[in-house]
Amino acid sequence: MNNVVIIGSGCAGLTAAIYTGRANLKPMVIDGHEPGGQLAITTMVENFPGFPDGILGPNLIDNMRKQAQRFGAEFKSGAITDVDLSKRPFKITAGNETHETRALIVASGATARLLGLESERKLIGYGVSTCATCDGYFCRGKDIAVVGGGDSAMEEANFLSRFASKVYLVHRRNEFRASKIMIDRTRANEKIQFLTPVVVEEISDVSKGGVENMTLRNAETNQASTLPVSGIFIAIGHVPNTKVFRGKLDMDENGYLITRYGSQTKIPGVFAAGDVQDHHYRQAVTAAGSGCMAAIDAEKFLEMRSAV
Ligand SMILES: Cc1cc2nc3c(=O)[nH]c(=O)nc-3n(C[C@H](O)[C@H](O)[C@H](O)COP(=O)(O)OP(=O)(O)OC[C@H]3O[C@@H](n4cnc5c(N)ncnc54)[C@H](O)[C@@H]3O)c2cc1C
């Protein structure tokens with residue numbers, strides 16, 4: 001029997017593990033398919049407080065993991081495939097293993113949608129990004145592209161125009177999902193140029209370990225072209241990792257978990273933290289902050305029931 005199981009080992013899950021570990025709750029952390037979460041696949045992180053020269057994402061996450069282990073957190077590999085939250089203790093299944101727990105913290109994050117190109121995957125953190133807030137500062141004086149046609153693509157293009165010398169807004173259709181006000185604002189921005197209807201076919205140059213250009217194909221004329229850019233922001237949405245909680249926890253229309261009074265879900269004893277319940281801020285420090293909240297909430301929950 002576990003006091004606390006934490007689903008996910010990104011910054012939310014690891015911060016929850018540090019706090020519940022230091023509260024002597026001996027948390028069990030389930031890594032999932034992406035141990036360390038999104039920071040494990042990026043390079044330099046310059047906005048996490050405490051690192052004046054920045055820190056590599058994998059190093060930051062590795063430090064958090066060691067810190068959690070130091071306070072007794074146990075890590076298990078494997079992804080959660082089912083949960084029974086109908087009564088306590090909750091049952092958490094990862095493949096053939098089932099774990100029982102008095103409290104549960106869900107920190108399974110949200111995965112950015114990608115275009116599906118091999119080159120895109122290889123260049124994430126090396127010029128390809130899914131987060132303008134995180135990586136905009138690296139684009140000072142450069143020509144870059146934002147891919148997408150919704151409000152977030154427009155928002156990111158406008159934000160990035162503060163740093164970049166030129167922003168190409170690349171979209172596969174002539175019509176946009178974005179609201180009219182956002183489209184108008186973006187069109188009025190002199191630094192932003194719309195490129196439609198074009199499909200991204202390739203991002204180069206993987207062999208040089210950085211973005212130099214992208215190959216585009218016009219969806220109407222079928223003509224291919226090369227666009228020299230040094231950065232590409234993919235802004236086509238995120239998918240919260242909440243499939244196993246469908247019908248069991250409250251979610252919004254996009255599948256993000258709904259929390260109340262801090263980190264509480266609708267089921268007493270089940271808490272949620274990080275990007276899995278936050279489609280707005282999506283930052284390492286906010287995920288870590290909400291991991292701390294979930295840990296304190298779980299600890300109070302267990303204490304009130306004298307479970308530990
Ligand atoms: C390329 C990139 C660069 C970024 N750069 C920055 C930056 O510079 N600064 C910044 O503040 N933020 C940055 N971010 C955003 C930041 O990484 C996220 O906000 C943060 O990682 C969210 O933490 P999280 O713990 O909520 O989720 P995640 O980091 O997404 O972690 C989710 C965890 O849940 C696990 N999981 C998922 N499903 C299951 C399952 N079924 N069973 C078990 N485990 C599961 C995963 O394996 C993973 O360990 C960046 C993101 C990306 C993608």
Side-chain angles (χ1 to χ4, degrees), residues 5-18 28-51 54-61 64-65 68 75-83 92-95 97 99 104-114 120-139 231-235 237-246 255-257 259 263 271-295:
V5 165
I6 299 168
I7 301 179
S9 60
C11 0
L14 292 177
T15 306
I18 293 166
M28 177 193 282
V29 184
I30 318 273
D31 261 324
H33 295 300
E34 198 174 30
Q38 295 170 63
L39 280 192
I41 58 159
T42 191
T43 47
M44 190 51 82
V45 176
E46 291 193 331
N47 54 9
F48 198 88
F51 300 94
I55 181 166
L56 290 170
N59 292 356
L60 176 58
I61 218 74
M64 288 188 197
R65 195 177 179 99
F75 286 80
K76 289 258 176 200
S77 51
I80 299 304
T81 45
D82 196 15
V83 289
I92 312 299
T93 305
E97 282 186 28
H99 309 283
L104 176 67
I105 296 176
V106 183
S108 51
T111 307
R113 280 204 181 95
L114 293 174
E120 170 195 43
R121 199 181 52 75
K122 289 192 171 151
L123 289 170
I124 283 244
Y126 297 90
V128 173
S129 174
T130 54
C131 175
T133 309
C134 312
D135 297 326
Y137 198 73
F138 298 121
C139 298
I232 300 174
F233 289 79
I234 312 293
H238 286 75
V239 183
N241 301 316
T242 53
K243 207 165 131 195
V244 293
F245 301 106
R246 267 186 218 151
Y256 285 89
L257 297 184
T259 48
S263 67
F271 306 90
D275 287 12
V276 74
Q277 50 86 58
D278 168 25
H279 52 81
H280 185 65
Y281 299 105
R282 287 200 201 105
Q283 291 298 290
V285 69
T286 50
S290 71
C292 157
M293 288 160 65

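Just follow the structure's listing: the first ligand is 1, and inside any ligand the first atom is 1. For the single chain, residues carry numbers from 1 onward in sequence order. Predicted model, so just to flag it, every value in this text is computed and none were measured.
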Check each of [options] against [atom] and report the one with the nearest heavy atom.
atom: atom 32 (C) of ligand 1; options: S108, G8, A16, S290; result: S108
atom: atom 19 (O) of ligand 1; options: D275, I92, V276; result: D275
atom: atom 27 (O) of ligand 1; options: G109, C134, C131; result: G109
atom: atom 31 (O) of ligand 1; options: A284, G125, G37, A112; result: G37

Kindly confirm or rule out an N or O of [X] lying under 3.5 angstrom from an N or O of ligand 1.
X: D135; result: no
X: S9; result: yes
X: N241; result: no
X: I80; result: yes
X: A12; result: yes
X: I124; result: no
X: D31; result: yes

Could you list the atoms of ligand 1 found under 4.0 angstrom from a heavy atom of [X]?
X: E34; answer: 46 (C), 47 (O), 48 (C), 49 (O)
X: I7; answer: 42 (N), 43 (C), 44 (N)
X: G32; answer: 43 (C), 44 (N), 45 (C), 47 (O)
X: T130; answer: 52 (C), 53 (C)
X: A79; answer: 42 (N), 43 (C)
X: G274; answer: 26 (O)
X: A287; answer: 22 (C), 23 (O), 26 (O)

Shortest non-hydrogen contact from I41 toward I124 |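 In this case the closest contact between I41 and I124 is O-CG2, 3.6 Å.
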
Sub-4.0 Å heavy-atom approach of A107 to ligand 1 =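 It does, in that a heavy atom of A107 comes within the 4.0 Å cut-off of ligand 1.
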
Does ligand 1 have an atom that lies less than 4.0 angstrom from a heavy atom of C11?
->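 C11: in contact with ligand 1 (<4.0 Å).
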
Are side-chain heavy atoms of [X] and [Y] found at a separation under 4.5 Å?
X: C139; Y: F233; value: yes
X: R113; Y: V239; value: yes
X: L56; Y: F51; value: no
X: M28; Y: K76; value: yes
X: F271; Y: M293; value: no
X: V285; Y: N47; value: no
X: C131; Y: R282; value: no

H33 side, atom NE2; N241 side, atom CG - distance, nearest 0.5 Å |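 Reported to 0.5 Å precision, the distance equals 9.0 Å.
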
H33, portion touching ligand 1 at heavy-atom distance under 4.0 Å =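 Backbone only; the side chain of H33 stays clear of ligand 1.
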
Part of N47 within contact of ligand 1 (heavy atoms, under 4.0 Å) |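 The answer is the side chain.
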
Among protein heavy atoms, which lies nearest [atom], and at what distance?
atom: atom 15 (C) of ligand 1; value: R282 O, 3.7 Å
atom: atom 30 (O) of ligand 1; value: Q38 NE2, 2.8 Å
atom: atom 3 (C) of ligand 1; value: T42 OG1, 3.3 Å

Do S77 and D31 get their side chains close enough for a donor-acceptor pair, meaning under 3.5 Å?
->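 S77 vs D31: no donor-acceptor pair found between side chains.
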
Whether over 12 other heavy atoms sit under 6.0 Å from Y126 OH |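 Result for OH/Y126: open.
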
Is there a donor-acceptor pair closer than 3.5 Å between any side-chain N or O of [X] and the backbone N or O of [Y]?
X: Q38; Y: A110; answer: yes
X: D82; Y: T93; answer: no
X: T242; Y: Y256; answer: no
X: S9; Y: G36; answer: yes

